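Residue numbers begin at 1 in each chain, while the letters A, B, ... track the order of the sequences. Model, not experiment: these values are computed from the prediction.
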There are 2 protein chains.
Amino acid sequence: MVTLAEVAQHAGVSASTVSYVLSGKRSISMSTRERVERSIQQLGYHPNAGARALASSRSNIIALMVPLRTDMYVPVMMEIAIAVATTARTHGYDVLLLTGEEGPTAVRRIAGSSLADAMILMDVELQDERLPLLRETDRAAVLIGLPADTDGLTCVDLDFEATGALCVEHLAGLGHREIAVIGEAAAVYERHTGFAERTVDGVRAKAQEAGVRVLHRSCEGGYAAMAQTLARISDERPGTSGFIVQNEAAVEPLLNLLRQQGRAVPEDVSVVAICPEQVASQASVRLTSVAIPAQEMGRRAVEQVVAKLGGRGTDEVELLAPELTVRASSGPAPLG
Amino acid sequence: MVTLAEVAQHAGVSASTVSYVLSGKRSISMSTRERVERSIQQLGYHPNAGARALASSRSNIIALMVPLRTDMYVPVMMEIAIAVATTARTHGYDVLLLTGEEGPTAVRRIAGSSLADAMILMDVELQDERLPLLRETDRAAVLIGLPADTDGLTCVDLDFEATGALCVEHLAGLGHREIAVIGEAAAVYERHTGFAERTVDGVRAKAQEAGVRVLHRSCEGGYAAMAQTLARISDERPGTSGFIVQNEAAVEPLLNLLRQQGRAVPEDVSVVAICPEQVASQASVRLTSVAIPAQEMGRRAVEQVVAKLGGRGTDEVELLAPELTVRASSGPAPLG
DNA sequence: AGGCGGTGTCGAAGCGCTTCGACACGGTTG
DNA sequence: CAACCGTGTCGAAGCGCTTCGACACCGCCT
């Protein structure tokens with residue numbers, strides 16, 4: 001391995017000069033800068049990460065805690081993770097991948113060992129166990145998701161309330177008077193991950209405003225569960241003509257079952273999904289949907305974290321505005 | 001931050017003794033060990049990662065390069081990544097997440113900076129650009145996937161040839177004489193990722209042995225593409241009664257289209273999928289399938305890498321044996 | 001009793017980098 | 001012309017840890 005000292009010798013300058021060329025923290029004359037840079041090239045020098053971290057007490061690493069479970073929102077999580085990794089690189093950071101498995105301990109371990117300069121937490125619950133620890137440390141952190149108490153925390157998330165409202169607005173605008181929300185699995189609500197509840201809140205508020213009736217039912221993924229959920233909805237609210245689906249695993253079953261029942265989409269019933277673009281555009285009926293802006297969320301989280309590390313940080317909640325894309329699954333409500 | 005020196009002072013021993021307690025590299029008397037451990041607890045000491053890396057020239061970090069594209073095999077990739085992260089932790093390693101974006105440069109950067117002790121590469125192509133660099137460095141590495149030349153490389157992958165053969169064996173055993181393979185998108189074959197080709201090779205070999213005719217067609221995801229592919233197959237081989245699908249995004253479209261055409265599964269046609277368990281068990285017909293053992297692959301890759309770092313390494317290709325699970329989508333071929 | 005090996009502990013020397021204060025030099029300024 | 005300033009460079013002191021060789025001590029053997 002080539003060291004700083006070797007580069008310095010090769011360029012005929014002192015080690016500190018090389019360091020300053022690299023960091024740009026002091027002005028360096030054009031001539032020596034060029035000489036040093038040439039030496040770096042020629043010798044194929046790469047700064048030793050450990051030494052740098054030790055001396056500067058900054059590792060240039062951002063830790064990303066992803067949920068352990070791979071049962072829901074996998075593509076979204078993956079997309080966020082990848083966006084985080086690539087965005088981090090453009091800011092000179094690498095990303096350390098932590099799974100939820102270790103739980104709160106991981107926060108302590110990472111902060112304690114100075115392994116990472118900052119953390120990004122995904123899959124945040126309303127009462128998240130990691131938050132107390134996070135508040136204790138001086139490490140910069142950003143949450144993707146919204147806990148109950150956001151005090152002193154920086155959060156990035158889709159504005160799920162607005163999302164719910166937007167879906168209702170769209171359906172109401174098309175004349176639908178009875179709407180059903182097919183939500184995530186019951187476990188998601190029990191875990192209090194927040195986003196699901198917030199969506200429903202947004203739906204309810206807007207529905208009241210628009211004079212629309214709403215029924216909300218959770219739904220496990222798969223066909224059997226969907227069939228049951230759908231039956232219950234038909235039972236309780238036979239007049240339902242609009243569906244809002246927030247559950248990737250329920251989308252295709254829903255469309256299939258409606259088809260089997262001879263209810264045409266969008267002529268008889270309209271469906272609006274809250275899901276990644278890909279799911280919406282590849283479904284058997286191209287779905288009118290509000291996309292989950294995974295990339296944007298990952299990108300913004302990193303930018304916030306980098307800003308904080310640069311001292312330009314702000315503790316604030318950033319809610320991304322939802323966008324509804326009209327596709328083939330929604331249309332005017334059938335006449336009376 | 002608490003330092004080793006502070007722990008030493010608190011416990012009334014020297015710094016080196018504390019270090020030896022931590023590493024276990026020299027014998028320590030029961031009494032001092034306990035005293036030191038108590039001090040560590042009380043002070044909440046965590047070793048500084050940078051200092052440790054510098055002094056020991058080992059970072060206890062494994063770099064994981066995941067593909068940048070999020071268009072295929074996302075759940076599989078995610079599952080592998082998570083398995084890698086959790087398995088790594090049980091061996092005392094953390095995982096650095098690199099995206100394919102940086103390409104071969106990342107290999108150089110990581111090796112040069114001593115940021116990671118080892119690398120695990122996913123999404124390996126037959127002629128992968130990263131391999132020459134990998135062979136140059138002395139860093140331990142394991143590939144998930146199989147390049148054309150595995151010389152001097154350690155690889156872990158599902159045995160896709162055996163997988164293809166297994167599918168044929170199952171269908172042939174049920175009396176199917178004409179089989180169609182619905183493969184990945186054409187781009188996958190062009191990129192020469194290997195696994196797709198190997199599957200087809202396995203299929204062909206077994207088919208010849210079993211006296212079965214095989215037609216192989218690539219297929220983009222989605223309904224339109226599937227409809228087209230299916231039409232071509234019906235055209236060229238109207239007698240086809242068995243399908244092998246190796247494309248997550250094609251599974252549901254295929255089942256739907258068959259249904260629309262009035263061809264019952266499994267009475268009229270049988271379908272065998274090569275896909276993650278979850279997809280197979282949640283599809284609209286529970287699919288007979290060969291699972292992609294994502295977790296196992298991630299786990300084995302880490303174990304290999306750790307073995308290498310421990311000097312017990314072997315350069316060898318480890319192919320995991322496929323397992324076929326019979327579910328509801330395959331049955332006896334229709335008579336005549 | 002003297003010597004020997006084993007065990008447990010310590011001191012000191014780095015690992016490769018950053019960063020602070022010092023300083024030399026040439027160009028301004030009063 | 002002297003005092004002054006800004007610019008560019010250097011030396012040295014660590015950052016917190018690992019690890020090597022040294023050494024003190026104990027019990028054992030002869």
Which pairs with one or both residues in residues 92-119 of chain B pass side-chain hydrogen bond (donor to acceptor under 3.5 Å, both in side chains), sequence neighbours excluded?
-> A:Arg89-B:Glu102, A:Asp94-B:Arg109, A:Arg109-B:Asp94, B:Ser59-B:Asp117, B:Glu102-B:Arg109, B:Ser114-B:Arg139
To the nearest angstrom, the CZ-P distance between B:Arg52 and C:dC17 comes to 21 Å
Looking only at non-hydrogen atoms, find the nearest pair between A:Arg130 and A:Pro104 and report the distance.
-> CG-CA, 3.9 Å
For B:Arg35 and C:dG8, what is the distance between atoms CZ and P respectively, to the nearest whole Å?
-> 14 Å
Side-chain (B:Ser19) to main-chain (B:Ala15) donor-acceptor, under 3.5 angstrom | no
Hey, are B:Arg300 and B:Glu296 close enough for a salt bridge, meaning a charged N less than 4.0 Å from a carboxylate O?
-> no
List every contact pair, protein side and nucleotides 13-15 of chain C side both N or O, where the distance is under 3.5 Å.
residue: C:dC15; atom: O2; partner: B:Ala55; partner atom: N; Å: 3.4

Here the residues of residues 15-29 of chain A within 4.0 Å heavy-atom distance, strictly under, of DNA chain D are A:Ser16, A:Thr17, A:Tyr20, A:Arg26, A:Ser27, A:Ile28, A:Ser29
Scanning both residues in full, the closest heavy-atom pair of B:Leu43 with B:Val7 reads CD1-CA, 3.8 Å
Would you say A:Thr87's side chain and A:Val84's backbone share a donor-acceptor pair under 3.5 angstrom?
-> no
Any donor-acceptor N/O pair, B:Ser23 side chain to B:Lys25 backbone, under 3.5 Å | yes
Write down the distance between CG (A:Asn48) and P (C:dG16), rounded to a whole number of angstrom.
-> 7 Å
Got a salt bridge between B:Asp123 and B:Arg191, using NZ or NE/NH1/NH2 to carboxylate O under 4.0 Å?
-> yes
Taking atom P of C:dC10 as reference, at what distance in whole Å does atom CG of B:Leu4 sit?
-> 13 Å
